[in-house]
Asks: 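Please find one structure pasted underneath; my questions will follow.
Index from 1, following the sequence.
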Amino acid sequence: QVQLVESGGGVVQAGGSLRLSCAASGRTFSTYAAGWFRQPPGKEREFVAAISYSSTNIDYADSVKGRFTISRDNAKNTVYLQMNSLKPEDTAVYYCAADRVWSPTLRRGAHDYDYWGQGTQVTVSS
């Protein structure tokens, strides 16, 4: 029902910034919670950030809190991840995802999300 397409990845030096975008199809996306996950080379996929449909609830992994900002524009069916002060350990494939099941709290498990983008590579050089 929902298709997600990430963009904005690339190669940056440590301390630099990138802004990832996730464009979604369909009007129903605006009612879903959305999240960002990442998978570093040789490691498991991990939670990065999540945002409720109304943007009133936001959650960040401790590793990115204070450096990354998640936001969304429901009129454009788009969710963003602004990444500042990037570190080499931020290098990963970044995925956006949508959770169609309502929950009183934002969820961090990849298994909780129903729709996924193809991923975009972020490489931070030291």
Asks: Can you list the residues that meet the salt bridge (Lys or Arg N to Asp or Glu O under 4.0 Å) rule with R38, with sequence neighbours excluded?
Replies: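 Only E46, D90 meet the salt bridge (Lys or Arg N to Asp or Glu O under 4.0 Å) criterion with R38.
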
Asks: Is there any ring-ring contact (aromatic ring centres under 6.0 Å, His included) pair reaching into residues 58-90, and which pairs are they, with sequence neighbours excluded?
Replies: none

Asks: For S85, what residues pass the side chain to side chain contact (heavy atoms under 4.5 Å, CB included) criterion, not counting sequence neighbours?
Replies: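 Partners of S85 under the side chain to side chain contact (heavy atoms under 4.5 Å, CB included) test: R67.
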
Asks: Do you reckon I51 sits in the same ILVMFWY cluster as L106, going by side-chain contacts under 4.5 Å, direct or chained?
Replies: no

Asks: Can you list everything that forms a ring-ring contact (aromatic ring centres under 6.0 Å, His included) with F47? Sequence neighbours excluded, please.
Replies: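 Partners of F47 by the ring-ring contact (aromatic ring centres under 6.0 Å, His included) criterion, ordered by chain and then number, come out as F37.
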
Asks: Kindly state each residue pair satisfying salt bridge (Lys or Arg N to Asp or Glu O under 4.0 Å) with at least one member in residues 114-126, sequence neighbours excluded.
Replies: R100-D114

Asks: Are R107 and D59 packed together at the side-chain level, in the sense that at least one heavy-atom pair is separated by less than 4.5 angstrom?
Replies: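 SC-SC contact between R107 and D59 ruled out.
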
Asks: Donor-acceptor check, side chain of T91 to backbone of V124, threshold 3.5 angstrom: yes or no?
Replies: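 Yes, because the side chain of T91 sits within donor-acceptor range (under 3.5 Å) of the backbone of V124.
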
Asks: Is the Lys NZ or Arg CZ of R45 less than 6.0 Å from the centre of Y95's six-membered ring, within 45° of the axis?
Replies: yes

Asks: Can you get from V2 to V5 by hopping between Ile, Leu, Val, Met, Phe, Trp and Tyr side chains that sit under 4.5 Å apart?
Replies: no

Asks: What pairs meet the salt bridge (Lys or Arg N to Asp or Glu O under 4.0 Å) rule with one or both residues in residues 68-82, with sequence neighbours excluded?
Replies: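 Non-adjacent pairs meeting salt bridge (Lys or Arg N to Asp or Glu O under 4.0 Å): zero.
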
Asks: In a check of side chain to side chain contact (heavy atoms under 4.5 Å, CB included) between L81 and each of L18, V122, I70, which one passes?
Replies: I70

Asks: Of the non-hydrogen atoms in G35 and Y113, which two are nearest, and what is the gap between them?
Replies: N-CE2, 3.8 Å

Asks: Give me the atom names and distance for the closest heavy-atom approach of A14 to P88.
Replies: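 Smallest heavy-atom distance, with atoms named: CB-CD, 4.1 Å.
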
Asks: With ILVMFWY side chains joined below 4.5 Å, transitively, what does Y53's cluster contain besides itself?
Replies: none

Asks: Only counting residues at least two apart or in another chain, list the ones meeting side chain to side chain donor-acceptor pair (under 3.5 Å) with Q121.
Replies: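 With neighbours one apart ignored, the set is T123.
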
Asks: Write down the atom of A98, the atom of L4, and the distance for their closest heavy-atom approach.
Replies: N-CD1, 3.8 Å

Asks: Is the side chain of Q13 donor-acceptor paired with the backbone N or O of S126 at a distance under 3.5 Å, no angle test?
Replies: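 Checking the backbone N and O of S126 against the side chain of Q13, no donor-acceptor pair under 3.5 Å is found.
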
Asks: Could I get the full list of ring-ring contact (aromatic ring centres under 6.0 Å, His included) partners for F29, not counting sequence neighbours?
Replies: none

Asks: How many angstroms lie between SG in C22 and OH in Y115, if you round to the nearest 0.5 Å?
Replies: 13.5 Å

Asks: Just grab all the salt bridge (Lys or Arg N to Asp or Glu O under 4.0 Å) pairs involving residues 12-23, residues at least two apart or on different chains.
Replies: none

Asks: If you link I, L, V, M, F, W and Y whenever their side-chain heavy atoms are under 4.5 Å apart, who else ends up in the same group as V11?
Replies: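 Answer for V11: none, a lone residue.
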
Asks: What's the verdict on side chain to side chain contact (heavy atoms under 4.5 Å, CB included) for Q82 and S17, showing C-alpha distance, side-chain angles and the deciding distance?
Replies: CA-CA 8 Å; Q82 178 67 47; S17 298; 4.0 Å; yes

Asks: Cluster question for you: counting only ILVMFWY and a side-chain heavy-atom cut-off of under 4.5 Å, with indirect links fine, are Y32 and V79 together?
Replies: yes

Asks: Taking side chain to side chain donor-acceptor pair (under 3.5 Å) as the test, write out the residues that go with T56, two or more places apart.
Replies: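 Testing T56 for side chain to side chain donor-acceptor pair (under 3.5 Å), a comparison that skips the adjacent residues, returns S54.
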
Asks: Donor-acceptor check, side chain of Q39 to backbone of E44, threshold 3.5 angstrom: yes or no?
Replies: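 It does not hold such a pair.
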
Asks: Checking D112 side chain against D99 main chain: does a donor-acceptor pair fall under 3.5 Å?
Replies: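 No, because the side chain of D112 does not come within donor-acceptor range (under 3.5 Å) of the backbone of D99.
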
Asks: Nearest 0.5 Å, please: how far is SG in C96 from CG in L20?
Replies: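 Rounded to the nearest 0.5 Å, the CG-SG separation comes out at 9.0 Å.
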
Asks: Verify the neighbour count for atom CD of E89: are there more than 12 heavy atoms of other residues, nucleotides or ligands below 6.0 Å?
Replies: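 More than 12 within 6.0 Å, yes.
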
